[in-house]
Amino acid sequence: MAEVARVYPLKRQQPEPLWREVLGARLRALRAERAETLAETAERAGISPQYLSEVERGRKEPSSEMIAALAGALDTTLADLTTQVTEDLRERPARSPVAPGAPVALAVAA
């Protein structure tokens, strides 16, 4: 008897945005509201401008101490910054939507 192949679409959920990406975007927005350069904010936080740039771009995952230092350098509290990032996470769409015609898994009955 011939085998029957069934096509099952892969169950891909859109990935949620990463915390570090949303945190970085929020930090950059706060810095921009103050019309500050990377160097100015980084100096007050006690970090290098290069590191701050990487944090803002979501490339680095800063420690809790670093996040607190950045919050202080931007005249906000850690609690307020965390609340803002949480709100941004709720509003932000997924990072990469599944394209139409995405791959499917094929299963062959044995």
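Since we're looking at a predicted model, the values are computed, not measured.
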How close do Ala45 and Ala69 get, heavy atom to heavy atom, and via which atoms? O-CB, 3.7 Å

Just verifying a value: how many Å separate Met66 CE and Leu52 CG, rounded to the nearest 0.5 Å? 10.0 Å

Spatial distance of atom CD (Glu54) from atom CZ (Arg59) [nearest 0.5 Å]: 7.5 Å

Spatial distance of atom CZ (Arg26) from atom CD (Glu87) [nearest 0.5 Å]: 8.0 Å

Can you name the residues that form a side chain to side chain contact (heavy atoms under 4.5 Å, CB included) with Glu61, not counting sequence neighbours? Trp19, Arg20

Please step through side chain to side chain contact (heavy atoms under 4.5 Å, CB included) for the pair Ile67 and Thr82, ending with a clear verdict. CA-CA 9 Å; Ile67 296 169; Thr82 302; 5.8 Å; no

Shortest non-hydrogen pair, Val55 vs Pro62, comes out as CG1-CG, 4.0 Å

Look at atom CD of Glu43 and say whether more than 12 heavy atoms of other residues, nucleotides or ligands are closer to it than 6.0 Å. no

Got a second to check how far Leu89's CG is from Gln84's CD, nearest 0.5 Å? 12.0 Å

So, using side chain to side chain contact (heavy atoms under 4.5 Å, CB included) as the criterion, who are the partners of Ser53 when residues are at least two apart? Leu38, Arg57

Find the distance between CD (Glu36) and OG1 (Thr41) and round it off to the nearest 0.5 Å. 3.5 Å

Glu40 side-chain N/O to Thr37 backbone N/O, donor-acceptor pair under 3.5 Å: yes

Cationic N near anionic O, under 4.0 Å, Glu56 to Arg28: yes

Leu81 side, atom CG; Leu70 side, atom CG - distance, nearest 0.5 Å: 8.5 Å

Tell me which pairs pass salt bridge (Lys or Arg N to Asp or Glu O under 4.0 Å) where either residue lies in residues 65-84, with sequence neighbours left out. Arg34-Asp75

